[in-house]
Novice: 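Please see the structure below; I have some questions.
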Amino acid sequence: MQVKSMNDLFLNTLRDIYYAEKQIYKNLPKMAKAAASPELKQAFEKHRDETEQQIERLELVFEQFGASPRSIRCEAMDGIIAEAKESMGEVEDEAVCDAALIASAQTIEHYEIARYGTLIAWADRLGKKEASKLLGETLEEEKKTDRLLTDLAESKVNQDATA
Ligand SMILES: [Fe+2]
Ligand SMILES: [Fe+2]
């Protein structure tokens, strides 16, 4: 699709995060399965449920822009997920594997935080208040997940991994 306006750019970026969220949704169960720490497992499972809602929110945002939901491949997210899978397969020690999983998950969250921050700023400029609000709800969930992962790493997983 040709990008001729800010509206087009917004929609293209929305399609990128729509693709990314769907990939994340598909892969979070694998990360939950690979996690040894019950808290980490639970964090991934909870975020999968949130991700399902985030996908629905994106569909509402498409609607507000008069567009049908469509994905465009996000090479960045494919790369981050490929790396996550690689490290899951490589690390034998359970606690070290959890540390690697957290590192991958936080890379994913930071990508999402960057994307949602941009989309919110653009939605505001384009006068789409409801879209901005929906994207803001998701951004808060991403930030909360990121903080939870930091807490899990610093309170336990990193200690176990270096014990
Ligand atoms: Fe997300
Ligand atoms: Fe997320």
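In each ligand, atom 1 is the first atom listed, and ligand 1 is the first ligand listed. Note that these values count all heavy atoms, side chains included, but never hydrogens, waters or copies made by symmetry.
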Novice: Within Gln54, is some N, O or S atom less than 2.8 Å away from the Fe ion (ligand 1)?
Specialist: yes
Novice: Is there side-chain contact between Gln54 and Arg57, with heavy atoms separated by less than 4.5 Å?
Specialist: yes
Novice: Using 2.8 Å as the threshold, say whether any N, O or S atom from Asp146 sits that close to the Fe ion (ligand 2).
Specialist: no
Novice: Report yes if the side chains of Thr150 and Ile102 come closer than 4.5 Å at any heavy-atom pair, otherwise no.
Specialist: no
Novice: Within the 4.5 Å heavy-atom criterion, are Val61 and Phe10 side-chain neighbours or not?
Specialist: yes
Novice: So, Arg15 and Tyr19: side-chain donor and acceptor under 3.5 Å apart, yes or no?
Specialist: no
Novice: Do Glu142 and His47 pair up side chain to side chain, a donor and an acceptor below 3.5 Å, judged on atom types alone?
Specialist: yes
Novice: Kindly confirm whether the Fe ion (ligand 2) is within less than 2.8 Å of some N/O/S atom in Glu142?
Specialist: yes
Novice: Between OE2 of Glu21 and OE2 of Glu112, what angle is found at the Fe ion (ligand 1), rounded to 10 degrees?
Specialist: 90°
Novice: Is Glu109 close enough that one of its N/O/S atoms sits under 2.8 Å from the Fe ion (ligand 2)?
Specialist: yes
Novice: Please find the N/O/S atom of His47 nearest to the Fe ion (ligand 2) and write down its name.
Specialist: NE2
